[in-house]
Amino acid sequence: MLFSSVIFLFYFLPLVLGLYYILRFSITAKNMLLLIASLFFYAWGEPWFVLIMLASICFNYIFALLVDKFRERRNAANITITLMLVVNLGMLFVFKYMAFALRIVNENTGFGLTIPNIALPLGISFFTFHGISYVIDVYRGHGAVQKNLFYVALYISFFPQLIAGPILRYNTIADQMVNRKESWDKFSLGCCRFIVGLGKKVLLSNSMAIVADHIFSMGGTSDIPASLAWLGAIAYTLQIYFDFSGYSDMAIGLALMFGFKFEENFRYPYISRSITEFWRRWHISLGTWFKEYVYFPLGGSRVTNKDKMIRNLLIVWGLTGVWHGAEWTFVVWGLINFAFIALEKISNFDKGTRYNPLRHLYAMFIVVIGWVIFRSPDLLQAGNYLGNMFGLYGNGFWSDTTWMFLKEYALFFVLGILFCMPIATRMNKLMVDGARFSKPLELVYPLTIIVLFLVCVSYLVKGTYNPFIYFNF
């Protein structure tokens with residue numbers, strides 16, 4: 001079930017919210033409702049996948065108990081952590097990477113191994129990372145072990161973050177699961193945040209998806225003009241941002257409606273002036289996860305020489321690329337990010353303050369090129385598409401199709417570019433700090449949110465294009 005679906009908006013969410021506030025006399029009853037609702041939410045469409053998630057919950061619960069029990073016996077605790085990683089990553093490998101690995105073996109050896117057709121459970125990378133971080137945090141003493149399976153299940157399966165993050169650490173919400181308080185302020189703020197996210201997804205991301213998907217379907221054949229290829233690349237750059245940050249906004253808003261507070265996952269990454277800064281602003285919870293559980297244990301940047309730092313960055317960005325999908329395009333995309341971040345660290349580029357417009361152009365150029373590779377189905381088509389962008393195939397610069405897309409989607413491109421910048425944040429600040437404008441804005445803001453919701457609903461009811469970008473994740 002998707003947040004941006006009629007079933008979720010008009011049946012699932014109102015029912016769960018209604019029951020939740022009827023049960024407000026008991027935190028246990030509310031949590032039981034959220035767990036049942038989360039399992040139903042996940043099972044919608046592909047019921048048997050919920051068994052995979054339940055298995056993940058059970059074995060991570062047991063591993064955490066064992067790690068806590070063996071806390072004073074270092075070897076036993078280390079063996080338990082190793083087994084936990086083998087089980088979690090083994091499950092991820094079977095569902096996500098085995099077909100890719102067998103394909104590589106066949107291509108390089110000619111063995112002709114049978115490649116099984118295994119469906120990818122939705123959100124498996126997210127709930128696997130939740131499970132790993134929980135056990136490791138218990139091992140490190142960063143959080144108390146949870147002896148009640150029910151709470152571990154709620155932490156891993158809580159539906160707002162289940163299919164697209166943000167990736168939560170157990171100790172950030174452990175207390176909230178038993179001591180949270182709902183309030184009208186939280187609920188109204190959550191509703192507004194959810195609707196803003198819905199608008200990002202339904203109006204901006206989906207509109208850009210029409211442009212990007214159409215052009216990328218042509219771009220791999222190396223016969224489109226440069227302007228059209230760039231338009232498709234920019235459309236995808238906007239699509240993936242508004243899709244992902246829109247889902248994060250909806251997740252944060254939903255959590256607030258139920259009294260939870262999640263950390264921010266995006267902070268306007270397209271205003272960055274370096275690739276390093278971009279990754280401090282993009283998918284923050286994933287970056288934090290890799291930093292806490294891979295980069296720092298390897299030594300991070302505080303190592304005796306830069307060779308080791310480069311090695312650590314290479315491992316982290318290789319894994320980050322692979323995490324996003326089982327294809328060489330994701331590996332290359334991860335390595336491109338590694339290369340530029342490593343160069344920026346060696347040269348202290350990220351700490352510079354001069355030539356900021358040029359720095360911004362540099363960062364966005366690398367980001368857009370990276371998204372083209374990320375979006376392409378394979379490296380051959382990625383190469384063809386990049387060749388089209390730089391006019392390597394002699395297809396000219398302009399075409400009527402470019403003009404057609406610009407005319408039809410100009411408003412969405414303009415709004416998309418504007419809302420990549422912190423306009424909404426500054427308006428909120430103006431509303432809070434600017435007494436001169438506070439009264440009109442207090443009236444305009446809720447009206448804007450209501451209109452935004454109605455427009456989104458009209459798009460969804462009409463059945464407009466509504467792709468789901470997270471199948472690979």
Side-chain angles (χ1 to χ4, degrees), residues 3 38 42 53 56 60 88-89 92 96 122-138 140 142-143 152 154-177 190 193-194 196-197 200-201 205 240-256 258 260-272 275-297 300 313 316-317 319-325 330 333-334 337 341 367 374 425 469-470 472-473:
F3 298 157
S38 297
Y42 190 74
M53 187 175 67
S56 172
N60 282 306
N88 274 295
L89 298 179
L92 197 60
K96 192 168 179 177
L122 197 59
I124 187 171
S125 297
F126 289 100
F127 68 71
T128 300
F129 272 29
H130 277 104
I132 291 174
S133 69
Y134 166 59
V135 181
I136 291 178
D137 280 354
V138 171
R140 290 174 172 173
H142 292 169
V152 177
L154 179 60
Y155 157 62
I156 292 179
S157 69
F158 188 31
F159 74 88
Q161 49 78 37
L162 185 53
I163 58 174
I167 300 170
L168 306 174
R169 294 177 62 179
Y170 177 73
N171 59 14
T172 63
I173 67 162
D175 183 62
Q176 297 185 55
M177 285 196 289
R193 187 70 184 265
F194 179 84
V196 168
K200 283 182 173 181
K201 164 62 183 163
S205 176
I240 193 168
Y241 170 65
F242 286 111
D243 201 289
F244 213 165
S245 70
Y247 261 99
S248 286
D249 285 340
M250 286 189 271
I252 291 168
L254 286 168
L256 281 170
F258 295 106
F260 288 87
K261 189 173 187 315
F262 288 178
E263 298 294 325
E264 292 294 332
N265 207 24
F266 287 83
R267 287 198 177 95
Y268 302 103
Y270 290 161
I271 65 170
S272 301
I275 303 303
T276 306
E277 183 184 357
F278 174 81
W279 280 102
R280 284 200 296 264
R281 294 174 175 273
W282 179 277
H283 203 173
I284 297 166
S285 62
L286 179 68
T288 303
W289 197 97
F290 274 110
K291 191 165 61 179
E292 293 285 337
Y293 301 108
V294 180
Y295 190 58
F296 286 168
L313 287 171
V316 167
W317 285 101
L319 292 174
T320 302
V322 171
W323 182 86
H324 282 84
F330 297 107
W333 171 77
N337 280 286
I341 289 173
V367 167
F374 186 94
T425 302
I469 212 168
Y470 307 105
N472 279 323
F473 301 176

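- Taking both residues in full, the closest heavy atoms of Phe262 and Pro166 are given as CD1-CG, 4.2 Å, listed atom of the first, atom of the second, then distance.
- With values rounded to the nearest 0.5 angstrom, Glu292 atom CD is found 4.5 Å from Arg169 atom CZ.
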Problem set entry | Audit row: Trp279, Trp317, ring pair (Phe, Tyr, Trp, His ring centres under 6.0 Å) steps and yes/no | CA-CA 11 Å; Trp279 280 102; Trp317 285 101; 4.8 Å; yes

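- Between His130 and Tyr155, the angle of the ring planes goes over 60°, which puts this pair in the perpendicular group of the 30/60° scheme.
- Pairing each heavy atom of Thr320 with each of Trp333, the nearest pair is O-CZ3, 4.3 Å.
- Ring geometry for Phe129 against Trp323 counts as tilted: the plane angle lies between 30° and 60°, on a 0 to 90° scale.
- Considering all non-hydrogen atoms of both residues, Leu162 and Ile156 come closest at CD1-O, 3.6 Å.
- Contact record, Tyr134 with Asn60: CE2-O, 4.0 Å, taken as the closest heavy-atom pair.
- No side-chain donor-acceptor contact under 3.5 Å links Asn171 to the backbone of Gly143.
- Of the inter-residue distances, the one linking Ile163 atom CD1 with Phe3 atom CZ reads 5.5 Å to the nearest 0.5 angstrom.
- The shortest side-chain heavy-atom distance between His324 and Phe374 falls under the 4.5 Å cut-off.
- Looking at Ser285 and His283, their side chains come closer than 4.5 Å, going by heavy atoms from C-beta outward.
- Note: Phe278 CZ to Ile271 CD1 = 12.0 Å, rounded to the nearest 0.5 Å.
- Minimum heavy-atom separation, Ala251 to Pro160: CB-O, 3.1 Å.
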Problem set entry | Candidate pair Met53 and Tyr42, rule side chain to side chain contact (heavy atoms under 4.5 Å, CB included), full reasoning | CA-CA 9 Å; Met53 187 175 67; Tyr42 190 74; 4.0 Å; yes

For this session: Assess whether side chain to side chain contact (heavy atoms under 4.5 Å, CB included) is satisfied between Asp249 and Lys201, documenting all intermediate values.
Result: CA-CA 10 Å; Asp249 285 340; Lys201 164 62 183 163; over 6 Å; no

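- With ring centers used as reference points, Phe266 lies 6.0 Å or more from Tyr247.
- The OG1 atom of Thr172 lies 11.5 Å from the CD1 atom of Ile167; values are rounded to the nearest 0.5 Å.
- Taking the six-membered ring where tryptophan is involved, the planes of Phe260 and Phe158 are tilted, since the angle between them lies from 30° to 60°.
- Residues Gln176 and Phe258 form no side-chain contact, since every pair of their non-hydrogen atoms from C-beta on lies 4.5 Å or further apart.
- In summary, the side chains of Asn88 and Thr128 do not present any donor paired with an acceptor at a separation below 3.5 Å, with no hydrogens or angles considered.
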Exercise. Checking side chain to side chain contact (heavy atoms under 4.5 Å, CB included) for the pair Leu89/Ile132: CA distance, chi angles, key distance, verdict?
Worked result: CA-CA 9 Å; Leu89 298 179; Ile132 291 174; 3.9 Å; yes

Problem set entry | Working for side chain to side chain contact (heavy atoms under 4.5 Å, CB included), residues Tyr241 and Lys200 | CA-CA 9 Å; Tyr241 170 65; Lys200 283 182 173 181; 4.2 Å; yes

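- Looking only at side-chain heavy atoms (C-beta outward), Tyr170 and Val138 stay at 4.5 Å or farther from each other.
- When the shell of 6.0 Å around CD of Glu263 is examined, it contains 12 or fewer heavy atoms from other residues, nucleotides or ligands.
- Defined by atom type and a distance below 3.5 Å, a donor-acceptor pair is missing between the side-chain atoms of Arg140 and Tyr293.
- With values rounded to the nearest 0.5 angstrom, Phe127 atom CZ is found 9.0 Å from Leu122 atom CG.
- Relative orientation of the Trp282 and Phe244 rings is perpendicular, given thresholds of 30° and 60° on the angle between their planes.
- In terms of heavy-atom proximity, Ser272 sits nearest to Arg281 at OG-CD, 3.3 Å.
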